[in-house]
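First listed ligand is number 1; within each ligand, the first listed atom is number 1.
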Amino acid sequence: MTDVSKTTFSRRGFLKGAGVTAATTVIESANALARETKSALQQERAVGPDALPVKLHINGQEHSVTIEPRYTLAETLRDNLGLTGTKVVCDRGSCSACTVWIDDTPALACMTLAIDAVGRKITTIEGLSHGDTMHEVQAAFVKHDAMQCGFCTPGMVMSCAALLKRNPNPSLDDVKQAVSGNLCRCGTYPKIFEATLNVAQQRNSAASLVTLTGREA
Ligand code: FES
Ligand code: FES
């Protein structure tokens with residue numbers, strides 16, 4: 001029979017050994033993480049603070065512009081490209097006056113760095129109309145008198161037109177939800193709801209007419 005008291009194995013020794021192994025594993029993992037982070041940082045290309053040339057795809061056209069990396073999309077559109085339809089009111093993401101579409105989704109241009117919009121499809125209020133022909137939502141805003149000072153209007157139109165793209169048959173609550181981030185200090189909300197619902201109704205009646213007659217009205 002083995003005399004346990006004479007073996008070199010002990011509980012204390014086991015715990016010490018396990019502790020050393022665990023500590024070694026932690027140090028090796030930390031070193032591996034540090035190596036990976038260093039390599040990732042070496043691969044990143046630092047930009048700025050000097051201006052750099054970028055290409056932005058706006059309203060179906062490519063625009064070359066030289067901007068500092070800190071420039072927002074709103075500043076770049078207005079100050080560098082002369083697209084002043086996009087309004088800047090709060091400049092801090094709380095009013096949605098600066099709403100544009102990025103890849104067909106409403107986004108706040110004052111909260112987006114222009115360099116982050118490189119390679120994306122940007123649509124501004126200028127891109128909604130076709131020459132002198134207004135977009136249906138713009139025309140409905142005029143018809144329903146859905147504006148007063150007009151500072152919120154481009155952002156409102158972008159939000160309402162985006163809603164009709166994703167939901168052709170919105171309810172009043174859907175419209176309210178779609179513009180819930182758009183602030184209108186002049187209080188034109190009822191007219192904005194009316195205009196947007198009217199566009200949806202007109203589109204739907206035109207679509208039913210096509211279905212009934214088999215051709216476009
Ligand atoms: S100007 Fe961008 S959210 Fe107000
Ligand atoms: S029309 Fe003046 S803020 Fe909306």
Which of the atoms of ligand 1 are close to [X], meaning less than 4.0 Å from one of its heavy atoms?
| X | answer |
| --- | --- |
| C95 | 1 (S), 3 (S), 4 (Fe) |
| C90 | 1 (S), 3 (S), 4 (Fe) |
| G93 | 3 (S) |
| S94 | 3 (S) |
| V89 | 1 (S) |

**Message:** Give me the residue, atom name and distance of the protein heavy atom closest to atom 1 (S) of ligand 2.
**Reply:** Q148 N, 3.3 Å

**Prompt:** Of the protein's non-hydrogen atoms, which lies at the shortest distance from atom 3 (S) of ligand 2, and what is that distance?
**Reply:**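 Nearest protein contact, heavy atoms only, for atom 3 (S) of ligand 2 is R185 N, 3.3 Å.
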
**Asked** Heavy-atom contacts under 4.0 Å between A109 and ligand 1: side chain, backbone, both, or neither?
**Response**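 For A109, no heavy atom sits under 4.0 Å from ligand 1.
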
**Message:** Using a 4.0 Å heavy-atom cut-off, which part of S96 comes near ligand 1: side chain, backbone, both, or neither?
**Reply:**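 Contact part for S96 vs ligand 1: backbone (N, CA, C, O).
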
State, with a plain yes or no, whether a side-chain heavy atom of [X] is found less than 4.5 Å away from one of [Y].
| X | Y | answer |
| --- | --- | --- |
| L197 | V175 | yes |
| T84 | D79 | no |
| W101 | L128 | yes |

**Item:** Pair listing, salt bridge (charged side-chain N to carboxylate O under 4.0 Å, His left out) test, anchored in residues 113-126, at least two apart
**Value:** D103-R120, D104-K121

**Message:** Are there over 12 heavy-atom neighbours, none belonging to Y189, within less than 6.0 Å of that residue's OH?
**Reply:** yes

**Message:** Below 2.8 Å, can you find an N, O or S atom of C152 next to atom 4 (Fe) of ligand 2?
**Reply:**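 Here the distance criterion (N, O or S atom, under 2.8 Å) is met by C152, so yes.
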
**Prompt:** Any N/O/S atom, backbone or side chain, of C184 lying under 2.8 Å from atom 4 (Fe) of ligand 2?
**Reply:**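 Checking C184: at least one N, O or S atom is under 2.8 Å.
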
**Complete:** Here the pair of heavy atoms bringing A117 nearest to I122 is CB-CD1, 3.8 Å

**Prompt:** Is there an N/O/S atom in C98 that lies less than 2.8 Å from atom 4 (Fe) of ligand 1?
**Reply:**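 No, outside the cut-off.
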
**Item:** Residue G150 vicinity, atoms of ligand 2 by number, heavy atom under 4.0 Å
**Value:** 1 (S), 2 (Fe)

**Prompt:** Which of these passes side-chain contact (heavy atoms from CB on, under 4.5 Å) with M147: V157, T153, I192?
**Reply:** T153

**Item:** Candidate list N169, N198, L164, test side-chain contact (heavy atoms from CB on, under 4.5 Å), partner R203, passing option
**Value:** L164

**Prompt:** Is there a chain of hydrophobic side chains (I, L, V, M, F, W, Y, each step under 4.5 Å between heavy atoms) that links L73 to L108?
**Reply:**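 Unlinked, L73 and L108 end up in two clusters.
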
**Prompt:** Of the backbone and side-chain N, O or S atoms of C110, does one lie nearer to atom 2 (Fe) of ligand 1 than 2.8 Å?
**Reply:**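 Coordinating: yes.
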
